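Quick note on labels: first sequence line is chain A, next is B, and so on, each numbered from 1. Keep in mind that this is a model prediction, so the values were computed, not measured.
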Amino acid sequence: MTILISNTMSGKKETFETIEPGKVRMYVCGPTVYSEAHIGHAMSAMAFDVIRRYLEYRGYQVIHAQNFTDIDDKIINRARDLGISPDQLAEDMILEWIAQTARLNIKPATIYPRATQEVDTIIELISSLIEKGTAYHVPGGDVYFRVDRFENYGKLSHRKLDDMIAGSRIDVDENKEHPMDFVLWKAAKEGEPAWESPWVPGRPGWHIECSAMIQRHLGGQIDIHGGGSDLIFPHHENEITQSESANCGCALARYWVHNGMLELRGQKMSKSEGNLVTIRELLDMGGGEIFRFMVLGSHYRSPMAFGEDTYEAAKRGLDRLIGAVRDLDRREVPPSRPDHPLADAADEARAKFETAMDDDFNTPEALAALFDFGRIINRERDQDGATPELRYAQAQLQDLAAVLGLKLRKPETTAIDSAPFIDLLVDIRTQLRSAKQFELADQVRDQLAERGIIIEDFPSGSSWRAGS
RNA sequence: GGCGCCGUAGCCAAGCGGCAAGGCAGGAGUUUGCAAAACUCUGAUCGGCGGUUCGAAUCCGCCCGGCGCCUCCA
């Protein structure tokens, strides 16, 4: 088994080899918790959820850390607007995030470090950088990193220091020695949250928290460092710079993995532009799994467009997959692999699935294997009905889908409460049909359809489900 | 201006040197009281122009178009 994984650092797909056999240390950048998360965040979290699930499926033990940036200017400002403390705002948003990602069937991270809980480590890290002469503090109290002291500054984002200055759009802080120097510690202004430090009371700069967390929780060197492609520069570049300056100079992460951006109306979805759909809105539409299906339908590295039309198409596509296992009852699944063409088809699907996923987590291709397998299942069911072999195949399909985080279960929505009554109506309708009272039977079906209940007739009888 | 990514059927999207996966939509059929679902069949020479090669959507060059990063951002 060889897994290939593309690495932003080299720009190539590389063979995946962990630092410690059988164990993966994965750190994924999470949100800055100042306002509600949008589905671009969800997409990123899902992409890494799938990578994690697959690595686990392949037998790795995965330690998955996802941080929260719970202190920064935007949090302070928004909290002020809302009239609550930055602490409170961050806490609310974190709880929201954890609840929402759970509803999106994203596995909870192994650890959720937060910037404010790493201040000691951050201070140690900064101190050692100052000692080594790669960081300096200025009269105002801010501490900066000296980028020109790091030989390969720009190695991740593939740029040169000189080019960056030329294209710099920011006003350069007078205090900085070099325009690209970045802040490690920010002096607090009046009324802002502050932590004591050897310099001035203040708070950590953005990039340093991740370095500290990796240092403290993951042993300083990790296998996979992930996040959105918008974090490559400056965030990840600076992380590398400060971490590798502080430690032995060895690589912070073996594989840098970045997901493409989610686009809305042709532009990157973003909070600051207000160009977004929130996770809450998605969940309110009942679109959690549909969205996951969309995410799986394009490669994680590519940008993905979100729109009404693609959403609808995804909904139907997912329905098709669900349809293949809709009547599955796990209690009818034989305990061992039957000797049957369906079992062969299952093996083949699994093989294709693994080949696709081994190649840099090619979920669109993995999905294709699932669709092919689903068709075989449908065909067999049309022919031979619900045999134990069919159940075996369906269970296999569902298990493979689960590796992608798809549950493939029919939505058990509001129908639950009214289920006995719907059953009754369907019963009566069956009697009407056998009495050839088709007009009445059709009325029942149509009127239930108006209420979101879909009746389907099969040779074996009628079934219903909630749909739209 | 610099760096990176992308341009494949009506739409979404794999493939990355050897006769173009899959999904949605559409068309024809099978099944069905009808409907739905399902099943079968059905569509592209891969932005443009050159080049490398026995052979290119896949490699190289140029051009056109789009996106991202270079400031906070998953």
Without swapping roles, check the side chain of A:N77 against the backbone of A:D73 for a donor-acceptor pair under 3.5 Å.
-> yes
Six-ring centre of A:Y34, A:K271 cation under 6.0 angstrom, axis tolerance 45° = yes
Pick base, sugar-phosphate or nothing for A:E312, based on heavy-atom distances below 4.0 Å to the nucleic acid.
-> nothing
Aromatic rings A:F233 and A:Y153: how do their planes relate, parallel, tilted or perpendicular, breaks at 30° and 60°?
-> perpendicular
Keeping the roles fixed (side chain from A:S434, backbone from A:Q431), state whether a donor-acceptor pair exists under 3.5 Å.
-> yes
Given B:C69, is OP1 or OP2 found less than 4.0 Å from the side-chain N or O atoms of A:K268?
-> yes
Between atom CG in A:D163 and atom P in B:G2, what is the gap in whole Å?
-> 8 Å
May I ask you to evaluate whether A:R316 reaches the phosphate of B:G23, defined as a side-chain N or O under 4.0 Å from OP1 or OP2?
-> no
Interatomic distance at C1', B:G18 relative to B:C5, whole Å | 27 Å
Hey, is the main chain of A:I232 close enough, under 3.5 Å, to the side chain of A:E237 for a donor-acceptor pair?
-> no
Toward the 5' end of RNA chain B, which comes first, A:D72 or A:K160, by nearest nucleotide?
-> A:K160
Which class fits the ring pair A:Y54 and A:F361: parallel under 30°, tilted 30 to 60°, perpendicular over 60°?
-> perpendicular
Which value, in whole Å, describes the distance between the C1' atoms of nucleotides B:A56 and B:A20?
-> 12 Å
What is the distance, rounded to the nearest whole Å, between atom CG of A:L161 and atom P of B:C3?
-> 15 Å
Reckon A:R265 touches a base, only the sugar-phosphate, or nothing at all at heavy-atom distances under 4.0 Å?
-> nothing
Among the nucleotides B:G22, B:A74, B:C34, which one has an atom lying closest to any side-chain atom of A:R433?
-> B:C34
What distance, rounded to whole Å, do you find between the two C1' atoms, one in B:A74 and one in B:C12?
-> 22 Å
Comparing A:A441 with A:G228, nearest RNA chain B nucleotide closer to 5' gives the residue A:A441
Could you tell me whether A:D442 and A:R433 have a side-chain N and a carboxylate O separated by less than 4.0 Å?
-> no
Whole-Å P distance, B:G4 and B:C39 = 45 Å
Ring of A:F371 versus six-membered ring of B:G22: centres under 5.5 Å and planes under 30°?
-> no
With sugar-phosphate taken as primed atoms, P, OP1 and OP2 and all else as base, the protein-contact string of nucleotides 36-44 of chain B at under 4.0 Å (heavy atoms; B, S, -) is BSBSS----
Taking atom P of B:G2 as reference, at what distance in whole Å does atom NZ of A:K155 sit?
-> 25 Å
Counting only distance, no hydrogens or angles, is the base of B:G2 paired donor-acceptor with the side chain of A:D162 under 3.5 Å?
-> no
Mind checking the C1' distance from B:A36 to B:U30? Whole angstroms is fine.
-> 15 Å
Nucleotide B:G68, atom P - distance to CG of A:D230 in whole Å | 11 Å
Sidechain N-carboxylate O distance under 4.0 Å for A:R409, A:E289 = no
In whole Å, what is the span from the CD1 atom of A:I290 to the P atom of B:G23?
-> 18 Å
In whole angstrom, give the distance that lies between atom CG of A:N259 and atom P of B:G68.
-> 15 Å
Between A:S157 and A:R159: side-chain donor-acceptor atoms closer than 3.5 Å = yes
Calculate the interatomic distance between A:L231 atom CG and B:C70 atom P; express it in whole Å.
-> 10 Å
B:G27 and B:G33, which share atom name C1', separated by this distance in whole Å | 26 Å
Does a donor on one side chain and an acceptor on the other come within less than 3.5 Å for A:R301 and A:S6?
-> yes
Sugar-phosphate, base or nothing in reach of A:T32, heavy atoms under 4.0 Å | sugar-phosphate
For atom C1', what is the distance between B:G23 and B:U8, given to the nearest Å?
-> 15 Å
Before accepting this row, confirm whether a basic side-chain N of the pair A:E177/A:R149 lies closer than 4.0 Å to the acidic partner's carboxylate O.
-> no
Using atom names, set out every protein N or O paired with an N or O of nucleotides 4-14 of chain B below 3.5 Å, distance rounded to 0.1 Å.
| residue | atom | partner | partner atom | Å |
| --- | --- | --- | --- | --- |
| B:A14 | OP1 | A:H299 | N | 2.7 |
| B:A14 | O3' | A:N362 | ND2 | 2.9 |
| B:A14 | O2' | A:E365 | OE1 | 2.8 |

Spacing between A:M180 atom CE and B:C3 atom P, to the nearest angstrom = 15 Å
B:C34 and B:G29: how far apart are their P atoms, nearest whole angstrom?
-> 15 Å
May I ask you to say what A:E263 touches in the nucleic acid, namely base, sugar-phosphate or nothing, with a heavy-atom cut-off under 4.0 Å?
-> sugar-phosphate
